[in-house]
A.B. asks: 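Sharing a structure with you now.
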Amino acid sequence: MSTLKPVRSDGRETKVRMKAVAQRLFAQHGIDGVTVADIVAAAGQRNKASLQYHFGSKDELIGELLVDGAQKVDAFRLALLDQMAADGGPRHVRDVLDAFVRPVYQLTVTEAEGSTYLRFLSNVQLTHRELFRAYIGAKWNTGYRRCLEHFRNLLAHIPTPVLEQRMSLVAIYTTTVFSIKEAPADDAPASSRLWTRKFTLDNILDTYEAMLVCVPSAGTLEKLK
C-alpha cells in the first residue's frame, strides 16, 4: 500500500486524517486486509502508537467510522420524514422509499474525501458483523424504524413478516448498489456507465417499490402459515 509523507497537524487534525485514510483503506482492501501499521503509515505518522493514542484500538477506530456514517444517514432521513409529516404525509410508498434511499445515495456525492463509507460498511457487515451490531445495533436506526412503521401503515395487506423481510432486502440492496457507485470509475467502468443515465436513481426506486407492494404469491403465503 502506498504511503504519504508525514504531515504536521494538531491532535484533532491528525485524528480526522487517520479516520479518512483508514476508511479508504478498509473500503479498498477489506477490514482484515489492513493493519494498524498500514493506517499509521498512510496517514503520514512516524509514531507507530498514534492509532492507539487517538482511538485505543483498530476495532474502536472501526466503531467510530461506523457511527460517523450512520449518524449522517439517520439525521438526513429523519429530517426528510419530519418534513413529510409537516406536509401531512406520507401518502405514498414512494415517498417513504425516497426518504429511506436518498440519504444513502447522498453519501456517494457529498463526502469531501471521496465516497468510501458504503464500501467500508459492506466490508464490516460481511466479515465483522459483531462489530456492526456492537456499535450500531438499534442506536442509529431511528429513521429506519420510522420508515418501517410507515410501510406497515401503507401496506397493511402485506403480512408483517414478509414486509419486514422485504424491508431488510431493500436495505441490503441499497448498501450494495451505492457501494458499487462509490467505486472509482477506473475500477468499475460498467458502474460508471450505469450512473450516467439520468433515470437510474428513479429506476432503482421503481424496482424497490415494485418489490414492496407486490402481492405475496400463494407459495409464500403457504409457507408463512
A.B. asks: Which pair of heavy atoms, one from Ile158 and one from Cys214, lies closest together, and at what distance?
C.D. replies: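 Heavy atoms of Ile158 and Cys214 come nearest at CD1-O, 3.5 Å.
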
A.B. asks: Can you tell me how far the CG atom of Leu131 sits from the CD1 atom of Ile31, to the nearest 0.5 Å?
C.D. replies: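 Spacing of CG (Leu131) from CD1 (Ile31) equals 8.0 Å.
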
A.B. asks: Is a side-chain donor or acceptor of Tyr117 paired with a backbone partner of Leu66 at a separation under 3.5 angstrom?
C.D. replies: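 Yes.
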
A.B. asks: Determine yes or no for a side-chain-to-main-chain donor-acceptor pair under 3.5 angstrom, with Lys181 supplying the side chain and Val109 the backbone.
C.D. replies: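 No; zero donor-acceptor contacts below 3.5 Å.
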
A.B. asks: Could you tell me whether the side chains of Asp38 and Thr35 share a donor-acceptor contact shorter than 3.5 Å?
C.D. replies: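 There is such a pair between these side chains.
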
A.B. asks: Tell me if the CD atom of Gln125 is crowded by more than 12 foreign heavy atoms within 6.0 Å.
C.D. replies: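 Count over threshold, so yes.
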
A.B. asks: Does one hydrophobic cluster hold both Val101 and Phe76, with members joined at side-chain heavy-atom distances below 4.5 Å?
C.D. replies: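 No, Val101 does not connect to Phe76 through the hydrophobic network.
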
A.B. asks: So which atom in Arg17 and which in Ala43 form the shortest heavy-atom distance, rounded to 0.1 Å?
C.D. replies: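 Taking Arg17 first and Ala43 second, the nearest heavy atoms are CG-O, 4.2 Å.
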
A.B. asks: Between Asn123 (side chain only) and Phe26 (backbone N and O only), is there a donor and an acceptor less than 3.5 Å apart?
C.D. replies: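 Answer holds: yes.
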
A.B. asks: Could you state the interatomic distance from CZ (Arg77) to SG (Cys147), rounded to the nearest 0.5 Å?
C.D. replies: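 Here the rounded value is 5.5 Å.
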
A.B. asks: Are His128 and Asp32 packed together at the side-chain level, in the sense that at least one heavy-atom pair is separated by less than 4.5 angstrom?
C.D. replies: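 Counting from C-beta outward, His128 and Asp32 do come under 4.5 Å.
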
A.B. asks: Over all heavy atoms of both residues, which pair between Leu80 and Asp98 is shortest? Give the atoms and the distance, please.
C.D. replies: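 Nearest heavy atoms, Leu80 then Asp98: CD1-O, 4.5 Å.
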
A.B. asks: Give a yes or no on whether the backbone of Gln106 and the side-chain of Lys72 come within a donor-acceptor separation of less than 3.5 Å.
C.D. replies: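 No.
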
A.B. asks: For the CD atom on Gln165, are there more than 12 heavy atoms of other groups (residues, nucleotides or ligands in this structure) within a distance under 6.0 Å?
C.D. replies: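 Open.
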
A.B. asks: If I compare all heavy atoms of Asp95 with all of Pro90, which pair ends up nearest, and what's the gap?
C.D. replies: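 Heavy-atom minimum between the residues: CB-CB, 4.3 Å.
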
A.B. asks: Of all the heavy-atom pairs spanning Ser179 and Arg119, show the shortest one and how long it is.
C.D. replies: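 Distance-wise, the nearest heavy atoms are O-CG, 3.4 Å.
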
A.B. asks: The test is side chain to side chain contact (heavy atoms under 4.5 Å, CB included); show your working for Arg94 and Asp202 and say whether it passes.
C.D. replies: CA-CA 10 Å; Arg94 183 57 167 257; Asp202 295 282; 4.0 Å; yes

A.B. asks: Flag the pair Met18 / Thr14 as yes when at least one side-chain heavy-atom distance between them is below 4.5 Å, and no otherwise.
C.D. replies: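 With C-beta onward as the side chain, the pair touches.
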
A.B. asks: Would you say that His54 contacts Glu64 through its side chain, given a criterion of any heavy-atom pair below 4.5 Å between the two side chains?
C.D. replies: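 The answer is no, as the side chains (C-beta and beyond) never meet within the 4.5 Å cut-off.
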
A.B. asks: Has the side chain of Glu182 got a donor or acceptor atom that lies under 3.5 Å from a matching backbone atom of Leu118?
C.D. replies: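 Confirmed, Glu182 side chain pairs with Leu118 backbone.
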
A.B. asks: Establish whether Val177 and Leu169 are linked, either directly or via other cluster members, by ILVMFWY side-chain heavy-atom contacts under 4.5 Å.
C.D. replies: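 Yes.
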
A.B. asks: How long is the gap from NE2 on His29 to CZ on Phe120, to the nearest 0.5 Å?
C.D. replies: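 His29 NE2 to Phe120 CZ: 14.5 Å, rounded to 0.5 Å.
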
A.B. asks: Nearest 0.5 Å, what's the CD1-NZ distance between Ile39 and Lys58?
C.D. replies: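 Result: 6.5 Å between the selected atoms.
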
A.B. asks: Please say yes or no: joined through hydrophobic side-chain contacts below 4.5 Å, possibly via intermediate residues, are Leu78 and Leu107 part of one cluster?
C.D. replies: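 Result: no, two separate clusters.
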
A.B. asks: So, using salt bridge (Lys or Arg N to Asp or Glu O under 4.0 Å) as the criterion, who are the partners of Arg91 when residues are at least two apart?
C.D. replies: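 Arg91 satisfies salt bridge (Lys or Arg N to Asp or Glu O under 4.0 Å) with no residue once adjacent residues are dropped.
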
A.B. asks: For the side chain of Thr175 and the backbone of Ala171, is there at least one donor-acceptor N/O pair under 3.5 Å apart?
C.D. replies: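 At least one qualifying donor-acceptor pair exists.
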
A.B. asks: For Tyr144, enumerate each residue passing the ring-ring contact (aromatic ring centres under 6.0 Å, His included) test, keeping only those at least two apart in sequence or located in another chain.
C.D. replies: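 ring-ring contact (aromatic ring centres under 6.0 Å, His included) list for Tyr144, sorted by chain: Phe100.
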
A.B. asks: Go through it in stages, so that I can follow the logic: the residues are Glu149 and Arg152, the test is salt bridge (Lys or Arg N to Asp or Glu O under 4.0 Å), and I'd like the CA-CA distance, side-chain angles, deciding distance and then a yes or no.
C.D. replies: CA-CA 5 Å; Glu149 189 59 34; Arg152 287 193 184 106; 3.0 Å; yes

A.B. asks: Which pair of non-hydrogen atoms, one from Arg166 and one from Val213, has the smallest distance, and what is that distance?
C.D. replies: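 Of all heavy-atom pairs spanning Arg166 and Val213, the closest is NH1-C, 4.3 Å.
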
A.B. asks: Looking at CG of Leu205 and OG1 of Thr200, how far apart are the two atoms once the value is rounded to the nearest 0.5 Å?
C.D. replies: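 Result: 11.0 Å between the selected atoms.
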
A.B. asks: Ignoring hydrogens and angles, tell me if any N or O in the side chain of Tyr208 forms a donor-acceptor pair with the backbone of Thr174 under 3.5 Å.
C.D. replies: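 Yes, Tyr208 side chain to Thr174 backbone: donor-acceptor pair under 3.5 Å.
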
A.B. asks: Start with the C-alpha distance between Glu164 and Phe151, add both sets of side-chain angles, then the distance that settles side chain to side chain contact (heavy atoms under 4.5 Å, CB included), and finish with yes or no.
C.D. replies: CA-CA 9 Å; Glu164 289 179 349; Phe151 285 133; over 6 Å; no

A.B. asks: Identify whether the distance between the nearest side-chain nitrogen and carboxylate oxygen of Arg146 and Asp82 falls below 4.0 Å.
C.D. replies: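 Salt bridge flag = yes for Asp82 with Arg146.
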
A.B. asks: Whether the side chain of Thr108 engages the backbone of Val104 through a donor-acceptor N/O pair (distance < 3.5 Å, no angle test) should be reported.
C.D. replies: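 It does not hold such a pair.
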
A.B. asks: Taking Thr142 for its side chain and Asp74 for its backbone only, find out whether a donor-acceptor pair lies under 3.5 Å.
C.D. replies: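 Absent.
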
A.B. asks: So if you build clusters from Ile, Leu, Val, Met, Phe, Trp, Tyr with side-chain heavy-atom gaps below 4.5 Å, do Leu126 and Ile62 land together?
C.D. replies: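 No, it is not one cluster - the side chains of Leu126 and Ile62 are not joined through contacts under 4.5 Å.
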
A.B. asks: When you look at Phe178 and Leu201, which way does the side chain to side chain contact (heavy atoms under 4.5 Å, CB included) test go after all the steps?
C.D. replies: CA-CA 10 Å; Phe178 294 119; Leu201 180 58; 3.8 Å; yes

A.B. asks: What do the steps show when you test Lys19 against Leu61 for side chain to side chain contact (heavy atoms under 4.5 Å, CB included), and what is the final call?
C.D. replies: CA-CA 7 Å; Lys19 288 171 73 171; Leu61 166 58; 3.9 Å; yes

A.B. asks: Would you check if the side chain of Arg24 reaches a backbone N or O of Thr116 as a donor-acceptor pair within less than 3.5 Å?
C.D. replies: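 Side chain of Arg24 to backbone of Thr116, a donor-acceptor pair under 3.5 Å: no, none is there.
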
A.B. asks: Measure the CG-NE2 distance between Leu155 and His157 for me, rounded to the nearest 0.5 Å.
C.D. replies: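 If I round to the nearest 0.5 Å, the distance is 5.5 Å.
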
A.B. asks: Shared ILVMFWY cluster between Leu148 and Leu81, side chains joined below 4.5 angstrom?
C.D. replies: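 Each belongs to a different hydrophobic cluster.
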
